[in-house]
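What follows is a short report on a single structure.
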Amino acid sequence: MFFGAGRSREQRPLNLATSPGRVVAVQLVSEAPAAQPQLAVARVLDATGNTVARLEQMSQALSLRQSPLRLLLEPDEYQFLQTELPNVPDEELKTALRWQIKEMLRYPLDAVTLEVIPPPPDPLGQRRTNGFVVAAPNDLLRERMLMFRPWSSSVRAIDVIEMAQRNLADRLEEPGRGTAVLAITPGGCLLTASREGVPYFVRGFDLSSLALQASETLRREQLDRLVLELQRSVDVLERQLGFLNVSTLWIAPFAHAEELLSLLIDTLYLPVKLIDLATLFDCSRCPLPVDPEEQAALFHALGMALRGPEGAP
């Protein structure tokens, strides 16, 4: 997503991601286009302090040295905005958008880096009027780009969870059909719908897997509210984005995925299934953790590991 240094051909990148109280690392052996990319590293570490402190703790735990890196931003470190795209040439799009979304930004306009997610043409061959823009503060990006110099390592790319989730959705997609994915992780709750590598729908919910560790009564209330909001989102997918022809709502691993699945099967007309990460990756060399909460923490780092060559969206 956000640019970094050139691509490393000698070593597969190490993908690092943080969430409250945790930091994770994922590395693939095989290239991402393989039918089942082989895992070399899938590590979850309990960590304290701010994001930088947690990343440093993982670097020490791995004895990091001369490694190409990819970093995943936490949701509160950037903005993922949907906006109308101005009718200007592609080379002028980012400049035009800077002024168009100025009032939507949490940061001063001259203090952010913007990345535009290229929209596809609509079925009639015309350019779509709506698209997504990612905005992150320059100071934060600069800090992350430079923080691994003590380990003689360089950041090749900085990504966001929406695009990481899109990468995993691509692995679940049926030909000619869209795919919806719901992830409830320690960092939050995200619903996306995509088709052929293009995100069309993104919605976050005020919920996390940590919040669901409360009492059974409170957890059921939270899940019931989520089911209601998911009904509304599925209606939007059908009425406003019917051309996606979404085949399935996939639920990412977390501690209460089976409970949510049973609620959704009784409520939604859309087929609902649980994601089995072991079917998406070759885990013969590096088994995934059994704990579903650790799998939830790894989920978006696994998605980031599937991104294409550096510079790809």
Side-chain angles (χ1 to χ4, degrees), residues 75 80 82 117 119-124 128-132 161-185 187-209 211-212 214 216-280 292-293 295-296 299-300 302-303 306:
F80 196 90
Q82 184 170 19
I117 299 172
D122 71 11
L124 298 179
R128 292 198 181 279
T129 57
N130 292 314
F132 296 103
I161 63 173
E162 289 83 357
M163 302 307 290
Q165 189 157 309
R166 182 278 313 262
N167 296 343
L168 286 158
D170 289 349
R171 295 276 163 169
L172 299 164
E173 188 169 296
E174 298 178 20
R177 306 289 298 271
T179 304
V181 175
L182 177 73
I184 303 177
T185 70
C189 179
L190 179 69
L191 173 67
T192 58
S194 59
R195 179 172 170 174
E196 297 176 355
V198 178
Y200 287 89
F201 180 88
V202 174
R203 185 182 178 190
F205 302 91
D206 186 18
L207 183 66
S208 72
S209 59
L212 292 174
E216 182 177 351
T217 300
L218 182 57
R219 182 179 73 248
R220 182 56 186 265
E221 291 176 357
Q222 292 174 315
L223 290 179
D224 285 343
R225 287 196 297 270
L226 176 61
V227 168
L228 178 60
E229 293 302 321
L230 288 174
Q231 284 181 283
R232 293 169 177 166
S233 294
V234 169
D235 286 343
V236 171
L237 292 176
E238 181 185 45
R239 296 175 183 177
Q240 300 180 25
L241 297 168
F243 64 89
L244 287 181
N245 194 18
V246 172
S247 63
T248 305
L249 171 60
W250 291 91
I251 302 175
F254 75 104
H256 304 287
E258 293 279 358
E259 183 178 357
L260 178 59
L261 175 67
S262 65
L263 293 173
L264 291 174
I265 287 176
D266 292 339
T267 305
L268 299 182
Y269 64 87
L270 188 68
V272 186
K273 299 178 182 179
L274 299 180
I275 297 176
D276 181 0
L277 292 174
T279 65
L280 302 182
E293 280 303 294
Q295 289 196 18
F299 185 73
H300 289 120
L302 290 165
L306 295 173

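In what follows, every heavy atom counts, from backbone to side chain, and hydrogens, waters and symmetry copies are set aside.
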Task: Distance, nearest 0.5 Å, that separates CG of Leu191 from CG of Leu237 - done: 6.5 Å
- [ ] Go through the side-chain N and O atoms of Arg203 and Ser233 and say whether any donor and acceptor fall under 3.5 Å apart.
- [x]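 Indeed, the side chains of Arg203 and Ser233 share at least one donor-acceptor pair under 3.5 Å.
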Open item on the list: Looking only at side-chain N and O atoms, does Thr192 offer a donor or acceptor that is under 3.5 Å from a partner on Glu162?
Closed with: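 The criterion, which ignores hydrogens and geometry beyond distance, is not satisfied for Thr192 and Glu162.
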Is the shortest side-chain heavy-atom distance between [X] and [Y] below 4.5 Å?
X	Y	answer
Leu280	Leu172	yes
Leu168	Trp250	no
Val181	Phe299	yes

Open item on the list: side-chain contact (heavy atoms from CB on, under 4.5 Å), that's the test. Do Thr185 and Ile161 meet it? Break it down for me.
Closed with: CA-CA 11 Å; Thr185 70; Ile161 63 173; over 6 Å; no
Taking [X] for the side chain and [Y] for the main chain, is one N or O donor matched with an acceptor at less than 3.5 Å?
X	Y	value
Ser208	Ala211	yes
Gln165	Gly303	no
Arg177	Thr248	no

Open item on the list: For Leu226 and Leu263: C-alpha separation, side-chain torsions, deciding distance, then whether side-chain contact (heavy atoms from CB on, under 4.5 Å) applies.
Closed with: CA-CA 10 Å; Leu226 176 61; Leu263 293 173; over 6 Å; no
Open item on the list: Test side-chain contact (heavy atoms from CB on, under 4.5 Å) on Gln82 and Asn130; report intermediate values, then the result.
Closed with: CA-CA 7 Å; Gln82 184 170 19; Asn130 292 314; 4.1 Å; yes
TODO: Could you walk me through whether Thr217 and Arg220 pass side-chain contact (heavy atoms from CB on, under 4.5 Å), step by step?
DONE: CA-CA 5 Å; Thr217 300; Arg220 182 56 186 265; 6.0 Å; no
Task: Atom of Ser209, atom of Ile184 and distance for their closest heavy-atom approach - done: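 Ser209 and Ile184 have their closest heavy atoms at N-CG2, 3.6 Å.
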